[in-house]
Structures are given as structure tokens and as C-alpha cells.
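Here, residue 1 is the first one in the sequence, and each next residue gets the next number.
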Amino acid sequence: MSNPAVPPRSLAEALRARDDDSLATLLRARPDLITPVPTDLTQLATRAGTRASVVRALERLDLFALRTAEALAVAADPAPYAELERLLTGDAGDAAVSAALPRSLGTLREQALVWGDDDRLRLVRTARELLAPSPQHPSPTGLGPTVQEATAGMSPGRVQEIVTAAGLGSTHDAVSAVASLTALFTDRKRMAALLADLPEESRAVLSRLVWGPPYGQVTSEPAAHLRRLLDLGLLVPTAPGTVVLPREVALHLRGGRAHREVEPLPPAVEPAATHRPQVVDATAAGQAYTALATVEELLKDWDEGGPAVLRAGGLSVRDLKRTAVALNVSEPVAAFWVELAYAAGLLASDGEADERYAATPAHDEWLEQPPARRWARLAEAWLTATRTSGLVGGRDAKDRTLSALGPGLDRGAAPEVRHRVLTLLAGLPEGASPSAESVLARLRWERPQRREEDLRSRLAEWTLKEAELLGVTGRGALSGHGRALLGATAPRTRDAVSRDAVSRGAGDERHGQALPGTTAPRTPDAVSRGAEDERHGQALPGTTAPKTPDAVSQGPGDKLPVHHRPAPVAEPLSPAEQATASAAAARLLAPLLPEPLDHVLLQADLTAVAPGPLRRPLAEVLDVLADVESKGGATVYRFTPGSVRRALDAGQSASDLHAFLAAHSRTPVPQPLTYLIDDVARRHGHLRVGAASSYVRCDDDALLNEILADKRAAGLRLRRLAPTVLAAQADPASLLEGLRAMGFAPAAESAEGDVLITRAHAHRTPPRSAPEPVPDGPPVPDATLLAAAIRAVRAGDLASTTPRKQGNRPPLSTGELPRTGAAETLATMQAAVLTGEALWIGYVNAEGAASQRVIAPVRVEGGFVTAYDHTADEVRTYPLHRITGVAELAGD
């Protein structure tokens with residue numbers, strides 16, 4: 001450990017001074033640092049300073065923490081806390097910024113982007129390179145280079161001319177001249193007097209450059225007001241025709257502020273509409289029931305084998321349109337349901353030569369579960385899936401169309417965005433719905449540096465729409481079972497809810513219906529955060545415009561109350577925690593869903609009305625016996641000769657159908673329906689069709705004569721073989737269809753003369769697992785992995801930093817493994833067993849990987865050493881022939 005009284009000289013020393021909890025926080029925030037586990041803290045510090053790791057860490061900062069890092073990038077290196085505060089608050093000061101600065105600076109320290117004490121704050125070198133101003137990469141602050149940097153290529157004579165023009169005494173060298181000029185530009189009183197003597201046109205030029213970009217273009221013969229600025233060094237040439245506003249001048253004109261807007265607190269997500277929680281829960285439950293019915297209908301439509309799989313994978317545009325028509329939804333919504341069923345493992349490709357999509361065996365198990373459990377499985381799959389249906393119809397990097405169920409739809413940020421959007425909704429009062437704009441502003445504040453910011457905003461918009469479709473939200477507000485799905489199970493009453501800002505939910509396409517006879521559960525609360533940024537300025541008046549476009553930094557700028565101070569963003573749950581939360585959501589949803597009915601209402605117009613969801617056996621028989629005419633709160637079925645014949649073909653008899661309807665109707669069976677069933681049954685099977693090419697057999701030769709005389713039978717090419725038999729050139733299936741089109745009710749028969757019962761053949765894929773989410777970077781390590789990694793890093797650091805007894809050997813360089821002969825290694829081990837001293841060893845495992853360890857030998861025998869390994873924090877046995885060498889540690 002470093003001496004806490006001595007300031008750290010490097011990031012490695014700063015990390016060495018941290019306790020285990022602080023290191024665990026760092027590794028949890030930046031999990032890429034332990035993939036793989038570093039050998040010691042020096043390697044950890046090196047990895048924390050690599051460009052890829054720093055970029056990723058900067059992308060996960062909120063807006064104010066990023067503003068703090070940007071201010072440090074333009075401050076002195078190292079910078080005292082007071083200088084950083086002045087850059088963020090300006091000369092006038094800002095109480096809100098000053099109050100929020102310790103938190104943002106703590107975040108930067110916590111993530112090892114800043115190190116050092118308050119009087120010597122240092123931004124990690126890579127972060128400074130990424131955020132500091134340069135001609136190639138303008139700073140988000142809009143500031144340019146310092147006077148020293150801007151005049152680096154200027155001749156000493158020219159520097160002396162500027163010093164003289166500014167009224168400063170000439171110096172003997174350019175370095176002292178630049179220092180004198182810098183002192184002038186940073187002196188508020190002298191600088192104000194200098195600017196006051198400038199003409200109005202010159203001050204106008206400076207005002208156009210002050211907020212950036214700081215570069216402008218001038219002609220070879222600049223106007224007098226521009227020449228005055230050049231003579232005083234207020235503009236410095238950087239290339240032919242290009243000038244820059246030095247950083248010190250810009251800061252004076254800005255009143256000492258590095259940013260135009262800082263936004264220390266996240267914008268509030270305020271309610272635009274508020275509904276009774278019972279209404280929200282009932283609406284969400286109605287939509288949840290609709291979601292289950294839609295997925296069931298989709299899989300039923302694909303029960304005998306769905307659309308073909310494209311050669312490149314996925315669903316064709318034509319098949320997606322057909323699916324949308326079958327589900328009576330738009331194509332984007334159809335893509336959502338198809339992707340949801342795929343994410344839940346309910347459908348997949350069958351893998352056959354003629355590959356098609358079909359339901360999986362898991363679909364049959366899913367159908368047997370209670371409705372609430374089925375919904376929870378869909379909701380959990382949606383919340384954790386990385387596949388994004390909103391991308392369907394777009395283009396990939398190679399300008400190929402992205403298709404539903406096809407490749408290229410995975411976006412690693414999708415689960416995080418979905419979870420965050422719902423968490424923001426959970427932080428609102430019960431029944432309150434936010435506007436999409438306020439949610440997007442909050443998310444932009446939380447992640448302003450994201451490279452795929454546009455995708456992140458679209459993911460948030462899609463989340464609001466999909467949550468409404470799925471029944472996680474109702475009327476734009478998070479439902480009780482939606483809160484439970486997030487793991488936010490602590491209940492609260494509406495009276496206890498603070499009057500935070502909230503706003504109304506957008507993106508809802510269609511709402512579910514409130515279900516009669518249900519009550520809403522009490523709903524819990526959660527957390528919040530988010531908003532946006534921008535930068536850059538414009539060119540000189542009367543000159544050529546610079547390359548960088550204009551922009552204005554924005555943000556609400558309102559002072560937010562204390563309860564809006566950003567809380568830590570809630571992380572998505574682990575798989576085990578999510579399973580528990582899903583079960584809790586199912587329990588809350590179950591009483592809100594209607595109980596399946598065991599009856600229908602038969603009507604005289606040959607229809608049956610199902611006033612709610614039907615029990616599965618009743619629904620399956622009714623789907624065969626009748627055609628669905630309309631859906632909604634109640635489903636209307638219509639009986640037709642074709643539907644009755646379909647039931648008879650499936651093996652039902654007329655008496656079976658009469659008994660079924662009488663048992664399941666709350667109204668008397670209408671006489672027209674009884675006549676329809678008897679009439680179709682009387683004619684059903686009177687004609688028999690079999691395979692010769694095919695034939696028609698009937699005991700009534702008059703009926704066969706009628707068929708032969710019918711002109712519609714010409715295409716079947718029938719001829720009489722016997723008084724009761726007709727032969728046809730068509731196959732049996734075509735013959736059946738042809739005779740049915742003529743108004744007859746033939747039945748197919750087997751080679752033995754028995755009537756064939758025709759039932760739909762359910763096509764299933766082999767067992768398939770749901771698609772695995774594609775992570776957005778390394779996963780966050782759990783507590784066990786963190787403890788093991790920190791223990792290994794500490795032990796490796798102890799081995800690399802503890803002084804060793806060198807004897808007559810030259811000192812080892814950092815990271816070099818000890819090298820000793822076999823005899824010396826054995827003797828040192830045996831001596832350590834007697835003295836109880838710890839040793840530093842080099843070890844090569846069976847895979848050839850070398851490592852260094854600190855061990856306390858306990859026993860040496862049979863070519864093995866048994867020792868307590870400080871790296872692994874356990875007793876282990878090592879073969880002596882794999883130990884490259886040993887060194888004694890000095891002191892304890």
C-alpha cells in the first residue's frame with residue numbers, strides 16, 4: 001500500500017492507495033479492465049489508460065461528469081480544485097454547479113479517469129488527448145489552444161512585436177514574452193482595459209468566436225479591425241489564412257466559463273397526464289391479454305409450417321405482409337410479434353432441406369401454462385433481448401435490407417435502454433405517464449457521449465410503443481405488474497409520492513380494454529435520470545466561413561429541486577433476479593386477467609358469441625366447427641356448411657356436435673343450427689373418393705348420373721366404371737375439392753374402404769433454445785468474481801512491489817520472473833518452511849502461461865511444494881519443476 005500522506009505520482013500509485021471496496025466499484029463500472037484479470041495494479045492502471053477503455057468509460061458518463069472532464073482537459077495539468085470550479089461556474093459563481101461538482105469529480109475518480117489530490121487533479125492522459133482542443137478534433141468546450149501552444153511556431157521577433165503592441169515591456173527571449181502575454185490575458189482588470197480600447201468591429205469579431213469554433217479565416221490583406229486583433233495577439237495565425245482565438249482570451253470573454261451551459265442536474269421527467277392506478281392496471285392487463293391472443297394466433301397460423309426461410313436468413317417482405325394481414329396489424333407491429341415469439345423460444349426454423357419457420361416444442365409447453373405465466377415469459381424475453389424489431393425494413397452497413405428473423409438485428413444497448421426507460425417510468429407517481437420528449441431528454445443527459453445516440457433515442461421510442469403493446473404499460477403509465485417486472489416491488493401509496501416533474505407517455509399505438517370484475521394491485525416506485533448537449537460556434541464577420549458548422553449548446557438550465565439530484569442508474573437484474581421478478585409480475589397480473597369461460601351464446605343467425613376468452617378444449621373444438629367472424633372484447637363465430645363439414649371430416653358425428661353445443665351453450669340451440677348440422681351430416685360421406693387415379697363410389701347411381709351430367713365436372717374427366725363407381729383423372733385431393741365446389745359433401749376413404757379422418761398436422765421444429773442476447777461489451781462481474789479478481793491483483797501487486805533479498809544477484813527489473821537453479825529453489829523452499837517466511841515465485845502452468853505469486857511454503861516433499869498462496873487466498877500444491885525461480889521478500 002502507498003503511504004496516504006504522500007501524494008500519488010501515478011495512476012498506479014493512486015489505485016494502490018484504494019481499498020478493496022473502491023477497487024470493486026471501479027471494476028464494476030469498467031468491467032473491461034478485468035477481462036482478463038490483470039497481474040497487478042500497474043497493469044490495471046495501464047489498461048485503464050488505453051484508448052479503447054477510456055472511450056468506453058467516457059461514453060458512460062452523464063452530461064455533468066463529462067463537462068467536468070472536458071473542463072479538466074482545458075485546465076492546467078495538474079489543476080487545483082479551485083481552478084476546475086472556476087471553469088465550471090465562471091467569475092459570477094453558480095451554487096448549483098458548486099454543489100454538484102464533488103459528485104461528478106467523485107465519479108471521475110471512481111472510474112479512474114481522474115487521480116490526484118484536490119490540489120493536484122490530473123485527467124488520465126488518454127482522456128486529455130481525446131477531450132483537449134486540437135485543430136483536428138475541436139473541443140466540446142469550443143475553446144482553442146493556449147497562447148503558448150498557439151505561438152509555438154511563431155518567430156521570436158513576431159512575439160516581441162505582439163508584446164510591444166500590447167503595452168508590455170520587451171523581454172530577452174520568446175519564452176518570457178509568451179509568459180508575459182499569458183499573464184496579461186489572464187488578468188481580468190488589464191484585459192478589460194485592453195478590450196475597452198478596441199473598436200466595436202473588433203469586439204464583434206471576438207464575440208463571434210468566443211463560444212467556438214475558435215478558428216476563422218482571413219484574407220492576405222485583413223481589414224483594419226482584424227489587423228488590430230492580430231497585432232495585439234488576440235487572434236493568432238495558425239496557418240496561411242487561418243487564425244485562432246487563444247484560450248485565455250476566450251475564457252475572459254466568457255466570464256471564466258469553459259461551457260456555455262453546464263446542466264449540473266438532470267432534466268425532470270414531468271407528468272403530462274395522470275390516471276387512476278386501477279385504470280392503468282386494467283388497461284395494461286387488457287393489452288396483455290391481447291398480446292397473448294396475438295402470439296397464439298401467430299403460432300396457430302404457422303402450426304402446419306410457416307413461411308420459408310430466405311437464403312440469407314429471415315422472413316421475406318411478402319410473408320411479413322401476409323402475417324400482418326392475418327394478425328390485422330401493421331407490418332412493423334407484425335415484425336414485433338414475430339421477433340418476440342422468436343426471442344421467447346416459441347418459434348424457429350425447422351432446419352429441413354426446404355427450411356421453414358414453425359413452432360418449437362416449447363410452444364406446446366407454453367400453451368399449458370396459466371395466462372399470467374405465459375405473459376411473464378414474453379415480457380421477460382422482450383426486456384432482455386438484444387434483437388430489435390424496429391430495425392426491420394432498414395438497411396445494414398452493406399446497404400442490405402434487414403428482415404424480420406434475419407441477421408443484423410442485434411443491438412447490445414437495447415436491454416439497457418428498455419430497462420432504463422421503464423425505470424424512469426417507475427420513478428413517477430402511480431398512474432402518471434411521461435412525454436416521449438422528456439424521456440429522451442433525460443436519456444441524452446445520462447449518456448451524451450454515446451456514438452450511437454440516434455439509435456439510443458430510437459430504442460427509447462420503440463420501448464415506449466412496445467411496452468404499451470405488450471401490456472407492461474397502460475395509457476402510457478407503468479402498471480403494477482410492469483413495476484414488479486423491473487424488480488421494484490416496494491409498494492407506496494399515492495399520498496406519499498413527491499410531486500416531481502413527470503410528463504405524458506407517447507408512442508402508444510393501441511390500448512387494451514379494461515376487464516370487468518378485476519381490481520388493480522398496488523404499484524411500487526423506482527428511480528430516475530437524463531438530458532442533452534451540443535457545441536460549436538461560427539465564423540468571422542466579413543470573412544470566409546470556417547469549416548466547422550454552427551451550433552448552440554442547449555438544455556433547460558432551470559435549477560432543479562434537491563430531490564432531482566441524479567441517483568445511480570439502476571442496473572438490469574441478473575438472470576436469477578429477473579426470473580424472480582417475472583414470477584412476481586405474473587402473480588400481480590393473474591387476478592387482472594379474465595377467467596376462461598366454458599360456454600358460448602348461440603344465436604338464431606347461425607352465430608355463436610364468446611363473451612370472453614374460452615377454455616382451451618372448447619376453443620379448439622369451436623375453431624374447427626365454426627369460422628371466426630370478428631374479434632374484440634367478445635369473439636363472434638359463424639357456422640357454415642363448410643365449417644360443419646370440416647368438423648365431420650375431423651371425426652365428429654352429428655350426435656357429437658349436437659351434444660357439444662347443448663353442453664356449452666347458455667342459450668338453447670337454435671333450430672336453424674340443428675338443421676344445418678343434420679343436413680350436412682346426411683350428405684357427408686354419401687360420396688366416397690379414393691385413389692385409382694382416383695374414384696368416386698356411391699350406392700345411389702342417380703346421384704352419380706347427376707354428377708356426370710353437370711358441366712362443372714368436365715375438368716375432372718370422370719367416366720363410369722360400374723353403376724356405383726366413377727373413375728377420374730384428377731388426384732383424390734383435387735377430386736374432393738372439385739366435388740365440394742359443385743355443392744356435394746364427399747368424404748375421402750382409405751384403401752380398406754374406411755372414411756379418412758382429416759386433422760391438421762401440427763409441424764414442430766426439433767428442440768430449439770431461445771437466441772442468446774449479444775452483450776454490449778463485457779458483462780458486469782458479480783461479487784464472487786470481483787472478490788477473486790481483487791485478491792489476485794493485490795497478491796500480484798505485492799509480489800511486484802515488495803523489496804526482495806537480492807544477495808549477490810543483480811536486482812530484477814519490473815515484471816521479470818525470478819530465475820534460480822533447481823537446487824537453490826529447493827533449498828530456499830525448505831528454509832522458508834522452517835522460518836515461515838513468504839516467498840516470491842515465478843510459475844508456469846500446464847498451458848505454458850507464466851505468472852508470479854506470493855506463497856508461504858508449508859511442506860516440501862516428492863517434488864511438490866504445498867503452500868498458502870496469497871494470490872488465490874488458499875492452500876495449493878505446485879510441482880517444483882514448474883517453478884522458474886524463487887526470491888525472498890525483505891521485511892514482513
Side-chain angles (χ1 to χ4, degrees), residues 300-308 322 326 354 356 358 606 620-629 637-658 660-661 673-763:
K300 180 182 176 182
D301 188 51
W302 292 7
D303 196 58
E304 298 181 50
R322 289 174 179 169
D354 183 18
R356 309 185 73 82
L606 297 180
E620 289 176 349
V621 175
L622 203 58
D623 283 341
V624 177
L625 180 57
D627 298 324
V628 175
E629 191 168 79
Y637 295 87
R638 178 165 294 280
F639 300 95
T640 64
S643 68
V644 174
R645 187 193 68 241
R646 189 169 62 232
L648 295 174
D649 286 344
Q652 300 286 342
S653 65
S655 59
D656 293 337
L657 299 180
H658 288 310
F660 170 80
L661 293 174
L673 180 56
T674 302
Y675 288 167
L676 174 65
I677 293 173
D678 290 340
D679 182 57
V680 174
R682 183 172 55 254
R683 295 184 293 119
H684 184 264
H686 200 189
L687 296 177
R688 301 292 184 88
V689 173
S693 247
S694 59
Y695 63 85
V696 179
R697 181 171 65 84
C698 183
D699 295 336
D700 186 355
D701 59 345
L703 183 57
L704 295 182
N705 290 333
E706 180 183 346
I707 293 174
L708 286 172
D710 196 320
K711 293 181 179 179
R712 291 174 294 177
L716 301 177
R717 301 174 65 185
L718 298 170
R719 62 188 180 87
R720 190 186 293 274
L721 296 182
T724 59
V725 180
L726 297 180
Q729 297 298 317
D731 60 87
S734 300
L735 182 55
L736 277 169
E737 291 300 321
L739 293 175
R740 286 170 180 168
M742 295 165 61
F744 300 101
E749 71 176 12
S750 65
E752 292 77 20
D754 300 324
V755 175
L756 289 175
I757 296 174
T758 57
R759 292 190 178 94
H761 173 66
H763 180 62

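Between Arg646 and Asp627, the shortest heavy-atom contact is NH2-OD1, 2.9 Å. Contact detail for Ala681 and Leu648: the closest heavy-atom pair is CA-CD1, 3.7 Å. Residues Ser694 and Pro732 approach most closely at CB-N, 3.8 Å, considering heavy atoms. For the residue pair Arg720 and Leu726, the shortest heavy atom distance occurs at CA-CD2, 3.5 Å. Minimum heavy-atom separation, Val621 to Phe660: CG1-CZ, 3.5 Å.
By the ring-ring contact (aromatic ring centres under 6.0 Å, His included) test, Tyr675 pairs with no residue at all, sequence neighbours left out.
With respect to the salt-bridge test (charged N to carboxylate O, under 4.0 angstrom), the residues Arg682 and Asp678 do not qualify. The existence of a salt bridge linking Arg740 and Asp649 is confirmed by a sub-4.0 Å separation between a basic side-chain nitrogen and an acidic carboxylate oxygen.
Within the 4.5 Å cutoff, side-chain heavy atoms of Pro641 are placed close to those of Leu676. The side-chain heavy atoms of Ile707 and Leu718, taken from C-beta on, include a pair separated by under 4.5 Å. In this structure, Val628 and Tyr637 have side chains that are in contact, with non-hydrogen atoms separated by less than 4.5 Å.
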Test side-chain contact (heavy atoms from CB on, under 4.5 Å) applied to Leu703 and Cys698, step by step: CA-CA 8 Å; Leu703 183 57; Cys698 183; 3.9 Å; yes
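Between the side chain of Asp303 and the main chain of Lys300, no donor-acceptor pair closer than 3.5 Å is present. Between the side chain of Arg356 and the backbone N or O of Gly306, at least one donor-acceptor pair lies under 3.5 Å.
For the atom pair CG (Leu661) and CZ (Phe639), the distance works out to 5.0 Å, reported to the nearest 0.5 Å. With rounding to the nearest 0.5 Å, the separation of OG in Ser643 from CG in Leu625 is 6.0 Å.
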